[in-house]
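Shown next, in structure tokens, is the structure this report addresses.
Reminder, nothing fancy here: chain letters follow the sequence lines and each chain counts from 1.
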Protein chains: 2
Amino acid sequence: MQNGSASALRTRGERKSTPERRQEIVRAAAKTFGTKGYQKGSLIEIASQVGMTHAGVLHHFGSKEALLIAVLEYRDEEDLELLANREMPVGMDLFWHLTRTALANTQREGIVQTYAAITGESVTEDHPARSFVISRFSALRRYIEDALRIVCGPDLPEDVCTHAATSIIGVMDGIQLQWLLDKESVDLPEATRFALEAILVAAMAGKDRARPLSEV
Amino acid sequence: MQNGSASALRTRGERKSTPERRQEIVRAAAKTFGTKGYQKGSLIEIASQVGMTHAGVLHHFGSKEALLIAVLEYRDEEDLELLANREMPVGMDLFWHLTRTALANTQREGIVQTYAAITGESVTEDHPARSFVISRFSALRRYIEDALRIVCGPDLPEDVCTHAATSIIGVMDGIQLQWLLDKESVDLPEATRFALEAILVAAMAGKDRARPLSEV
DNA sequence: GTCTATATCGTGATAGAC
DNA sequence: GTCTATCACGATATAGAC
């Protein structure tokens, strides 16, 4: 019960310890990069949100680019924590999870906005988030393909599987984008649910259509 | 047959006339905004592509923002000219057109890139393209909804119609984005065809499901 | 760990010569 | 119609005081 060593006392003083400070900064950066974009979002604006000057921010991260990477990693970490066991659901559970995510996203506009702004910018030349976004998409496609194979069975043709996975990611991102720009005209969760079901049904049908005659 | 007045001669001299020069600049700007984005794409880079200084560009357009608007209008104009009669197809023809567009887009990466970069950036605060993109999406949704009503008949429920239209635009944009970032992993025309068919079929099914029992 | 001060750079825009 | 020159501004990053 004794309240600890000198080092424990040190980290509990009124001065914020470094990991906490870093997280504060990352959160502010995510907000700024979301509203202004990476190019236009300045270190000065980020710093002012946490009561610092931009030199202070650079002390923790070294460069603006490193801060962006930290934001991207933090966002993925945050997504993982939405899941009870911190790992991606498998099979049909994945599609339920995606549907629930679309619903949850209506209540966390900031995160959606950050994701959309950075992803959108990443198509430009030499953008620091580019390779990160590419591998994120790639990993996501693989997850969804695996889930599709479980749901549709082993007869699912490879090309149908890939196209369906690409379509699912695409439609979720695309609907989010329209929703961000015009929330009154777009029903994010319902449109997403409709599209996911449509694509799932088409994948199942693709499986049936491609089944070799010998097996029928 | 006589080759014209003094004014006609004047516009044919070795010096470029203003409308031609404007178009050259707009094309260069579209390219630069596509590769670098609007914020990072500089007037200096645009000007150098047409053999001018940035002051020359500003002489024609007054401001960088006005140049962006010109690019957006030019891009829409260009899209219209892909159509034989310069007007959007109606009914099932629209969906054939969208499928053909996805195929054609693999051969005009620059245009797709420009569209994606500007649309992606437009979600940020006070972006000059924002209202343009919003009304573009809105008009597109209306077109597609009209076509869906023609294809599916008047029984198509309103919400299914809207969700399908939103999904179609979303999935086309979303697949394009993945394709731009990773062309080897994404088959743009085939994935688009798959998704469009899936959504169309689902809309038809939605119509059937919602048909009042009294009509069956 | 945060600040002030500064170096260095690039930008969009304006004014005026040619 | 295009150029040169310049202005005013804001950015990232560094150096060194506290």
Side-chain angles (χ1 to χ4, degrees), chain A residues 6-7 9-29 32-33 35-71 117 121 124-129, chain B residues 7 9-29 32-33 35-71 117-118 121 124-129:
Chain A
S7 87
L9 276 175
R10 212 185 305 130
T11 61
R12 286 184 203 148
E14 64 283 351
R15 289 248 164 252
K16 298 279 176 62
S17 67
T18 300
E20 284 169 359
R21 212 74 174 110
R22 276 182 62 103
Q23 203 191 49
E24 276 184 82
I25 297 169
V26 167
R27 267 200 271 257
T32 292
F33 291 157
T35 53
K36 304 290 181 64
Y38 171 71
Q39 301 288 353
K40 197 169 187 198
S42 71
L43 293 176
I44 296 172
E45 175 173 341
I46 293 164
S48 83
Q49 286 179 69
V50 295
M52 274 204 241
T53 63
H54 74 283
V57 171
L58 284 172
H59 167 74
H60 288 282
F61 291 92
S63 75
K64 186 186 182 183
E65 193 167 319
L67 177 55
L68 174 63
I69 301 302
V71 167
E121 244 181 339
T124 59
E125 223 170 42
D126 299 324
H127 194 285
Chain B
S7 87
L9 276 174
R10 212 184 307 129
T11 62
R12 285 186 202 147
E14 64 283 351
R15 291 248 162 251
K16 299 280 176 63
S17 67
T18 301
E20 285 168 358
R21 212 74 175 111
R22 277 183 61 103
Q23 205 192 48
E24 277 184 81
I25 297 169
V26 167
R27 267 199 271 255
T32 293
F33 291 156
T35 53
K36 304 290 181 65
Y38 171 72
Q39 301 288 353
K40 195 168 188 199
S42 72
L43 293 177
I44 295 172
E45 175 174 341
I46 293 165
S48 83
Q49 287 179 68
V50 295
M52 272 205 245
T53 61
H54 77 284
V57 171
L58 284 172
H59 167 74
H60 288 282
F61 292 92
S63 75
K64 187 185 183 185
E65 192 168 321
L67 178 55
L68 174 63
I69 301 301
V71 167
I118 295 176
E121 245 181 339
T124 59
E125 224 169 44
D126 299 323
H127 194 284

Can you tell me how far [atom2] of [N] sits from [atom1] of [X], to the nearest Å?
{"X": "A:L67", "N": "D:dA13", "atom1": "CG", "atom2": "P", "result": "10 Å"}
{"X": "A:L68", "N": "D:dT12", "atom1": "CG", "atom2": "C1'", "result": "15 Å"}
{"X": "A:F61", "N": "D:dT12", "atom1": "CZ", "atom2": "P", "result": "15 Å"}

Problem set entry | salt bridge (Lys or Arg N to Asp or Glu O under 4.0 Å): pairs with one or both residues in residues 39-50 of chain B, sequence neighbours excluded | B:K36-B:E45
For this session: Kindly indicate whether the side chain of A:E24, heavy atoms from C-beta on, has any atom under 4.5 Å from the side chain of A:R21.
Result: yes
Exercise. Do A:M52 and A:I25 come close enough that some side-chain heavy atom pair is under 4.5 Å?
Worked result: yes
Problem set entry | Nearest-0.5 Å distance that lies between atom CG in B:L68 and atom CD in B:E65 | 7.5 Å
For this session: Can you figure out which of C:dT2, C:dG1, D:dG1 approaches the side chain of B:H60 most closely?
Result: D:dG1
For this session: Indicate for each nucleotide in nucleotides 3-18 of chain C, in 5' to 3' sequence, whether protein heavy atoms under 4.0 Å reach the base (B), only the sugar-phosphate (S), or nothing (-).
Result: SB------SSBB----
For this session: Using modelled atom types only, decide if a donor and an acceptor are shared between the side chain of A:E121 and the backbone of A:Q39 within a distance under 3.5 Å.
Result: yes
For this session: Please collect all ring-ring contact (aromatic ring centres under 6.0 Å, His included) contacts where either partner lies in residues 35-61 of chain B, sequence neighbours excluded, each pair once.
Result: B:F33-B:Y38, B:Y38-B:H127
